[in-house]
Amino acid sequence: MDIYVCNLCGYEYDPAVGDPENDVAPGTAFEDLPDTWVCPLCGASKEDFSKK
């Protein structure tokens, strides 16, 4: 699974880790995140992320 980087703040979403603070389990692909998911650091939407 690919790592995605926030274009605004540089946060990296790693599917192996998930986003435990926002109830996203490890193993969740970026593509499978809900459309309402936002960057946990700056609040950017999924559209503001690029594949690393």
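Only heavy atoms go into these numbers, but all of them, side chains included; no hydrogens, no water, no symmetry mates. Just so we're clear, the structure is a prediction, and the values are computed from it rather than from any experiment.
Closest of all the heavy-atom pairs between A44 and C6 is CB-SG, 3.8 Å.
Clustering of Ile, Leu, Val, Met, Phe, Trp and Tyr side chains at separations under 4.5 Å places F49 together with Y4, Y11, Y13, V24, F30, L33, W37, L41.
Between P40 and N22, the closest side-chain pair of non-hydrogen atoms falls below 4.5 Å.
Once rounded to the nearest 0.5 Å, the distance linking CG of D19 with SG of C39 reads 8.5 Å. To the nearest 0.5 Å, the span separating CG on L8 from CG on D48 amounts to 4.5 Å. One finds the CG atom of D2 at 6.5 Å from the CD atom of E31 (value rounded to the nearest 0.5 Å). The CE atom of M1 sits 8.5 Å away from atom CG of D14, with the distance rounded to the nearest 0.5 Å.
E21 CD: 12 or fewer foreign heavy atoms inside a 6.0 Å radius.
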